[in-house]
Amino acid sequence: MSSRVAVVGAGISGMAAAYELRSAGIETLLLEARARPGGKIDSTPVDGLTVDSGPDGFVARDRAAADLCRRLGLGADLVEPAAEGARVWLDGALRPLPRRSLLGAPWTAEGLQESGLVSAAGAEALARGLAGDAEALRADATVGEVLRPRVGDEVFERIIDPLLGGINAGAADEMSLEACAAPLYEAACQGGPFGQALQQVADRQRRQRDPDTGSAVFQSIDGGMTRLVDALVGELGESLHLTTAARSLAPDGETWRVVTSRGAFEAAGVILACPAWQSARLLEGLAPDAAAALADIDYSSVALATFVLASEVLRRPLDGSGFVVPRSQGLMMTACSWTSAKWRHYNQRDTAVLRVSAGRSDDRRWQDLDHDELLAILAGELAETGMISAADASAGRFEARVTAWHDSLPQYRRGHLSRVAEIEDRLAAETPGVAVTGAAMRGVGLPACIRNAHAAATATARAVLGDGAAREGDRP
């Protein structure tokens with residue numbers, strides 16, 4: 001009987017799972033339908049620079065990504081942002097986000113009105129909500145259902161929705177609080193005055209910070225995130241098979257028969273690390289309820305435009321990490337990252353790099369435009385937000401590239417983590433030896449994907465192979 005494990009999908013989840021299996025001495029086949037590995041970790045050349053066109057860093061509080069980097073020999077190349085402090089584009093000005101806040105939710109109303117982020121009525125609503133004796137949350141709910149009564153509509157729509165909605169390219173009114181904003185869920189589950197609960201959770205996070213990262217909120221890799229993919233490719237070697245699409249999965253005695261575009265082979269275990277709808281297709285005849293739940297996960301599409309321009313074209317200093325844009329402002333851009341200020345490896349004396357995002361689950365306008373049309377609109381919005389002049393925007397005094405990420409960000413609805421647990425239980429009962437991981441399951445960020453991939457690899461190795469050593473076999 002074969003003792004190998006097949007991993008389907010060579011995004012960060014699949015690569016991390018395969019690396020974990022190989023590190024344990026288990027023969028692994030990593031199958032990727034496309035011609036390149038890495039999934040959403042990618043880069044684009046713009047005006048002589050190679051810039052991340054997917055995630056440009058990761059949350060430092062969750063150590064999974066940094067630990068993987070260290071295992072791969074990249075520990076000395078981990079870097080922290082050179083500039084911090086995000087803003088909100090609101091009513092014609094860039095306004096600073098409140099510093100005493102948790103995922104955008106302030107635990108005090110002090111100074112918020114003076115910032116211009118909310119009106120006097122909005123500040124009063126926040127103060128009342130933070131002081132109110134709220135009942136402890138006992139089950140998952142949407143971010144809007146929990147936060148609107150506790151912080152008020154203005155704070156929610158002008159700060160929280162742009163932040164959380166921007167991260168997930170969704171609408172915070174529809175997002176699972178438990179899955180998308182775990183610290184806020186923890187605070188809501190405490191009950192009592194919400195402001196006090198927020199501050200307690202924030203204090204707890206500070207005490208639990210990794211001493212290696214100190215106060216850093218984010219980390220990246222000097223030279224860009226594709227270095228992580230390159231390091232994994234080097235470790236995985238011949239186990240990685242590109243342009244090899246998995247077409248079907250079926251039981252074959254005590255093993256699984258995996259049919260691919262390059263042939264069929266036997267595997268003792270299978271880890272599906274592909275988008276939810278692809279996992280659903282492979283499972284629909286084997287675990288129909290789990291497959292239906294996976295197929296029901298919606299995805300949002302986004303575009304990322306990378307602008308490289310001469311520093312003299314900028315109309316304001318890049319004295320922070322960038323800004324987010326509430327949907328009420330009517331812009332196509334959802335955020336602008338001041339990349340050359342944020343990361344030193346993009347900081348050149350006479351050049352500025354801006355990454356502009358567009359697209360939400362309920363805003364698909366960009367998909368009706370070609371790249372030139374989209375760049376023209378976003379350049380105009382850079383002028384509208386005071387980053388460059390209207391004349392320079394019209395004259396195209398920049399180099400730019402658009403990366404379109406279609407169906408790239410899974411949307412976590414109310415009860416998402418409970419549905420994921422049900423999927424995992426169904427698979428354990430109906431398809432033992434088959435696991436599902438990836439961004440659709442327990443977190444879209446790189447650390448969450450890596451942590452969950454490692455858990456899937458460990459569980460698969462124990463369930464399928466026990467402590468026995470893997471042996472070589474035929475390759476597709």
Side-chain angles (χ1 to χ4, degrees), residues 11 13 40 59 62 102-105 136-151 153 156-157 159-189 272-281 283-284 287-302 324 326-327 334 357 359-364 367 405-427 435-449 451-452 456:
S13 295
K40 290 185 284 292
V59 174
D62 186 334
L102 188 67
L103 290 181
L137 187 66
R138 302 190 182 281
D140 190 24
T142 69
V143 177
E145 288 170 339
V146 176
L147 270 292
R148 282 186 183 273
R150 289 168 171 80
V151 302
D153 290 339
F156 181 84
E157 293 168 5
I159 304 175
I160 294 170
D161 179 62
L163 280 174
L164 293 182
I167 293 169
N168 297 276
D173 274 314
E174 300 174 356
M175 292 161 48
S176 160
L177 183 69
E178 182 184 19
C180 297
L184 300 182
Y185 177 76
E186 180 183 348
C189 287
L272 301 179
C274 38
W277 72 86
Q278 294 180 359
S279 296
R281 177 180 57 80
L283 291 168
E284 59 186 355
D289 290 339
L294 285 165
D296 197 45
I297 297 174
D298 292 328
Y299 278 71
S300 183
S301 299
V302 297
V324 296
R327 62 187 68 232
T334 58
S357 304
R360 296 184 175 97
S361 58
D362 55 347
D363 184 2
R364 300 174 177 86
Q367 297 184 62
W405 294 109
H406 293 285
D407 296 326
S408 59
L409 286 168
Q411 300 299 294
Y412 295 173
R413 308 304 186 197
R414 182 198 293 112
H416 176 80
L417 294 182
S418 294
R419 286 191 294 276
V420 167
E422 291 173 7
I423 290 169
E424 292 169 340
D425 289 344
R426 290 280 188 179
L427 294 179
V436 173
T437 190
M441 302 297 278
R442 297 181 180 275
V444 300
L446 297 183
C449 288
R451 176 168 27 83
N452 294 321

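Values reported hereafter were calculated over all heavy atoms of this structure, with side chains retained and with hydrogens, waters and symmetry mates removed.
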*R426, CZ atom: more than 12 neighbouring heavy atoms under 6.0 Å*: no
For the student: nearest non-hydrogen atoms of [X] and [Y], plus distance:
{"X": "V302", "Y": "G359", "result": "CG1-O, 3.7 Å"}
{"X": "L163", "Y": "G104", "result": "CD1-CA, 3.5 Å"}
{"X": "D62", "Y": "A448", "result": "OD2-N, 4.0 Å"}
{"X": "A172", "Y": "F156", "result": "CB-CZ, 3.6 Å"}
{"X": "L103", "Y": "I160", "result": "O-CG1, 4.4 Å"}
{"X": "S13", "Y": "G438", "result": "OG-CA, 3.4 Å"}

*Any side-chain donor near an acceptor of the partner, D140 and S176, under 3.5 Å*: yes
Taking the side chain as every heavy atom from C-beta outward, state whether [X] and [Y] have any pair of such atoms under 4.5 Å apart.
{"X": "D289", "Y": "E422", "result": "no"}
{"X": "L137", "Y": "L177", "result": "yes"}
{"X": "L417", "Y": "Y412", "result": "no"}
{"X": "L272", "Y": "V436", "result": "yes"}
{"X": "M441", "Y": "E424", "result": "yes"}
{"X": "L184", "Y": "L164", "result": "yes"}
{"X": "E174", "Y": "T142", "result": "no"}
{"X": "R327", "Y": "R360", "result": "yes"}

*From CA spacing to verdict: side-chain contact (heavy atoms from CB on, under 4.5 Å), D173, R148*: CA-CA 9 Å; D173 274 314; R148 282 186 183 273; 2.8 Å; yes
